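Below is one structure; the comments refer to it alone.
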Amino acid sequence: MLDASHFDDYTNLDIALRDNGVVIVTLDRADKRNALDVATIDELVRFFSSAHRNGVRAVVLAGSGDHFCAGLDLIEHWKADRSPDEFMHVCLRWHEAFNKMEYGGVPVIAALKGAVVGGGLELASAAHVRVADASTYFALPEGQRGIFTGGGATIRVSDLIGKARMIDMVLTGRVYQGQEAVDLGLAQYLVDGSSLDKAIALADKAAANLPLTNFAICSAISHINNMSAMDGAYAESVVAGIVNTQPAARARLEAFADKTGARVRPES
Ligand code: 1HE
């Protein structure tokens, strides 16, 4: 059971707890199209730094209003008239938040809608699963704004869709949406109805896995992808040594052996 007192001190994030340990985290600045200001990034760092420790089993990351996230708070950035050093530290803080998401060991499912642009796409690409709906569109408008990506797009977006497509998106402002966006890898699911409902259903499934297994899925795969194949195979063996012998897995293995465990079947 999650302790609600761990989650009551947030202003820019709305945090809703479910009985199964799934937490719905909603960017809560709809009037600013959920643009990422310093305060919101701080709250994301805080939430994702403590999610595992606080017993969160899976996260649904959503946006309030019609848009998931409009990226960097351009007004805050413009008014602050930052020095290079100051903005470098802003970006480092973004990386802290997004790395905690990607490597933190707790599944994060992003429920996308409307604009998923600039830093909003950087945020979404740090989630483990992305669900788009009919309104969702992806873009990197940095080129048009006279700036550059700073929240990990050069790593995560190019990882998802390839370097050439990312360069095209930033250079020309190209927008992807619908099935094409899914085919390219910007999202794994496209739904006719609500991306939030689908994301919750996926988070519920993930939360039914053993936490140590999810830790490996939502941390080791990303770490191992940063390694050479040789070192990755070694690290995978070490992780599997720990995860695949966890006592909590024995009941599931036994259920398979005595034929009470679910079989893998194609969807009907
Ligand atoms: C904002 C922001 C923002 C909206 N920063 N305030 N991102 C962009 O280049 C995308 C900029 N935003 C847009 O293109 C549009 O706002 C949207 C397509 C997302 C939504 O359009 P719309 O017509 O629904 O809203 P709007 O009228 O443009 O904006 C409504 C309010 O949200 C308005 O504030 P208001 O006080 O005048 O009511 C806007 O100023 C505010 N708003 N987007 C600040 N981004 C680490 S580097 C990352 C680099 C980047 O992320 S670059 C990409 C930036």
Side-chain angles (χ1 to χ4, degrees), residues 11-14 26-48 61-103 108 110-127 130 132-161 163 165-178 181 186-187 195-196:
T11 305
N12 291 358
L13 303 179
D14 177 80
T26 306
L27 303 170
D28 202 16
R29 297 177 77 222
D31 56 331
K32 300 296 175 193
R33 306 307 184 254
N34 301 315
L36 297 171
D37 61 354
V38 166
T40 304
I41 293 290
D42 278 351
E43 292 193 8
L44 288 169
V45 171
R46 188 148 56 86
F47 177 84
F48 284 105
L61 183 64
S64 56
D66 294 336
H67 299 279
F68 175 71
C69 177
L72 174 70
D73 189 318
L74 295 166
I75 307 289
E76 181 185 64
H77 181 60
W78 170 62
K79 285 188 176 157
D81 196 15
R82 292 162 169 140
S83 68
D85 175 55
E86 284 167 344
F87 195 64
M88 176 182 73
H89 284 283
V90 168
C91 293
L92 287 170
R93 194 76 172 141
W94 283 46
H95 289 304
E96 209 177 321
F98 298 174
N99 288 340
K100 294 283 185 214
M101 285 172 62
E102 184 181 348
Y103 295 89
V108 182
L112 306 177
K113 60 182 163 178
V116 183
V117 302
L121 177 52
E122 294 178 311
L123 172 66
S125 63
R130 282 162 295 282
D133 72 5
S135 72
T136 306
Y137 60 98
F138 302 88
L140 292 171
E142 282 85 344
Q144 293 143 276
R145 304 275 180 237
I147 57 176
F148 187 60
T149 62
T154 54
I155 302 147
R156 293 193 182 90
V157 176
S158 65
D159 224 31
L160 291 176
I161 63 173
K163 182 179 69 172
R165 285 197 189 89
M166 184 201 154
I167 290 173
D168 179 32
M169 285 180 83
V170 197
L171 263 186
T172 69
R174 184 169 185 165
V175 174
Y176 285 113
Q177 60 201 357
L186 286 164
S195 57
L196 182 62

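Scope of the values below: all heavy atoms of this structure, side chains included, with no hydrogens, waters or symmetry mates. Nothing here was measured: the structure is a model prediction, and the numbers come from that model. Position 1 is the first residue of the sequence, and the numbers go up from there. Order of appearance sets the numbers: ligands from 1, and atoms from 1 within every ligand.
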Of the backbone atoms (N, CA, C, O) and the side-chain heavy atoms from C-beta on, which set of A70 has a member under 4.0 Å from an atom of ligand 1: side chain, backbone, both, or neither?
both
Report the part of E122 (side chain from C-beta onward, or backbone N, CA, C, O) that has a heavy atom under 4.0 Å from ligand 1; answer both or neither where that applies.
side chain
Looking only at protein heavy atoms, which one is nearest to atom 6 (N) of ligand 1, and what is the separation?
I75 CG1, 3.7 Å
Which label fits F87 and H77: parallel for a plane angle under 30°, tilted from 30 to 60°, or perpendicular past 60°?
tilted
For A35 and D73, the nearest pair of non-hydrogen atoms, with its separation, is CB-CA, 3.9 Å
Can you find a protein heavy atom under 4.0 Å from atom 9 (O) of ligand 1?
yes
Is the closest side-chain heavy-atom distance between Y137 and V117 below 4.5 Å?
yes
Return the closest protein heavy atom for atom 50 (C) of ligand 1 as residue, atom name and distance.
E142 OE2, 3.3 Å
Any L121 side-chain heavy atom under 4.5 Å of L186 side chain
yes
Write out the residue and atom name of the closest protein heavy atom to atom 31 (C) of ligand 1, then the distance separating them to 0.1 Å.
D31 O, 3.2 Å
N or O contact, W94 vs ligand 1, cut-off under 3.5 Å
no
Sub-4.5 Å side-chain heavy-atom contact between L123 and M101:
yes
Short N or O distance, G120 and ligand 1, threshold 3.5 Å exclusive:
no
Any heavy-atom pair between the side chains of L36 and E122 that's under 4.5 Å?
no
A student comparing G65, G151, G118 should find that the heavy atom closest to atom 53 (C) of ligand 1 comes from G118
Looking at ligand 1, does any of its N/O atoms fall within less than 3.5 Å of an N/O of L72?
yes
Would you confirm whether any non-hydrogen atom of the protein falls under 4.0 Å from atom 28 (O) of ligand 1?
no
What are the atoms of ligand 1, with element, lying closer than 4.0 Å to any heavy atom of P141?
8 (C), 9 (O), 53 (C)
Answer yes if a protein heavy atom lies under 4.0 Å from atom 4 (C) of ligand 1, otherwise answer no.
yes
Show the nearest heavy-atom pair for residues A124 and F68, with the distance to one decimal.
CB-CE2, 4.0 Å
Does the side chain of R156 reach to within under 4.5 Å of the side chain of M166, using non-hydrogen atoms?
no
At the 4.0 Å heavy-atom cut-off, does Y137 count as touching ligand 1?
yes
How far is atom 34 (O) of ligand 1 from its nearest protein heavy atom, and which residue and atom is that?
K32 NZ, 3.5 Å
Nearest-option assignment for atom 11 (C) of ligand 1, heavy atoms, candidates E76, R145, R33
R145
I147 and ligand 1 - part of the residue with a heavy-atom distance under 4.0 Å:
side chain
